[in-house]
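Reminder, nothing fancy here: chain letters follow the sequence lines and each chain counts from 1.
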Amino acid sequence: MTNSTDIIFVQTLGCYVVIEYTSGLRSISFVKSKDRIKEKKTLGITFELERYFKGEKIDFSCDIDISHLSPFVQKVLGETRKIGYGKTIPYSELAKNIGCRGARAVGGALARNPVPIVIPCHRIVAKNGIGGYSAGVDIKTRLLELEKKRREA
DNA sequence: AGCAGGTTTAGCG
DNA sequence: CGCTAAACCTGCT
């Protein structure tokens with residue numbers, strides 16, 4: 001079975017992105033240190049991500065392995081995937097879409113998202129301000145800027 | 001049970 | 001407008 005890890009440097013974010021793939025996309029993470037790692041691009045999703053970071057509007061359609069997560073989290077993440085490129089909605093609205101009012105619960109679910117970007121958790125923002133981000137608000141801001149730029153073009 | 005979290009809204013100065 | 005307090009809901013100990 002396929003089981004591999006890719007890593008690429010992303011200029012836009014100023015950090016490395018690690019992609020883990022097993023029986024589907026398993027996780028995406030951001031690392032700053034460049035020690036003892038070599039760039040590696042073997043997966044299709046990796047190339048899609050590179051194009052995304054270059055500013056292309058990508059519709060990620062690869063399998064994601066999130067079977068180990070709780071039903072509620074899967075529901076939130078599934079709903080998050082439906083949000084279009086360059087679009088942002090508040091936590092409360094996403095909560096309403098899945099039938100509850102607990103905006104904080106939604107935030108909690110998003111914090112457990114193993115695959116940022118492919119599941120665009122950065123498009124969920126607070127009503128007054130940017131809101132939080134598990135990988136760092138600075139990254140969230142840059143992702144939104146990236147999509148905004150593409151949208152205006 | 002109890003606490004904390006990527007929020008929200010209402011209430012008060 | 002900025003600050004505090006209570007309410008909402010799920011996940012972890």
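The nucleotide range of DNA chain C contacted by chain A, defined by atoms under 4.0 angstrom from heavy atoms of the protein and reported 5' to 3', is C:dA7 to C:dG11.
Across every strand in view, B:dG6 sits unpaired, with no contact that passes the Watson-Crick or G-U test at under 3.5 angstrom.
Within 4.0 Å of A:I130, counting heavy atoms only, lies no atom of the nucleic acid at all. As judged by a 4.0 angstrom heavy-atom cut-off over every strand, A:V137 is placed among residues making no nucleic acid contact.
Contact detail for A:T5 and A:E20: the closest heavy-atom pair is OG1-CG, 3.8 Å. In this structure, A:A111 and A:S134 approach most closely via the heavy-atom pair O-CB, 3.9 Å.
Although no hydrogens or angles enter the test, the distance criterion places a donor-acceptor pair under 3.5 Å between the side chain of A:Q74 and the main chain of A:L69. Between the side chain of A:R112 and the main chain of A:G108, a donor-acceptor pair closer than 3.5 Å is present.
Ion pair A:K41/A:D6 not flagged as a salt bridge, since none of the NZ, NE, NH1 or NH2 atoms sits closer than 4.0 Å to an Asp/Glu carboxylate oxygen. With respect to A:K87 and A:E147, no salt bridge is recorded, no charged nitrogen being found less than 4.0 Å from a carboxylate O.
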Can you give one letter per nucleotide of nucleotides 7-13 of chain B, 5' to 3': B if a protein heavy atom sits under 4.0 Å from the base, S if only from the sugar-phosphate, - if neither? BSS----
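Remark: A:F60 engages A:Y52 in a ring-ring contact (aromatic ring centres under 6.0 Å, His included) (not counting sequence neighbours).
Side-chain contact between A:I8 and A:F47 is absent, with no heavy-atom pair separated by less than 4.5 Å.
Look at CG on A:D138: it is 13 Å from C1' on B:dG6, rounded to the nearest Å.
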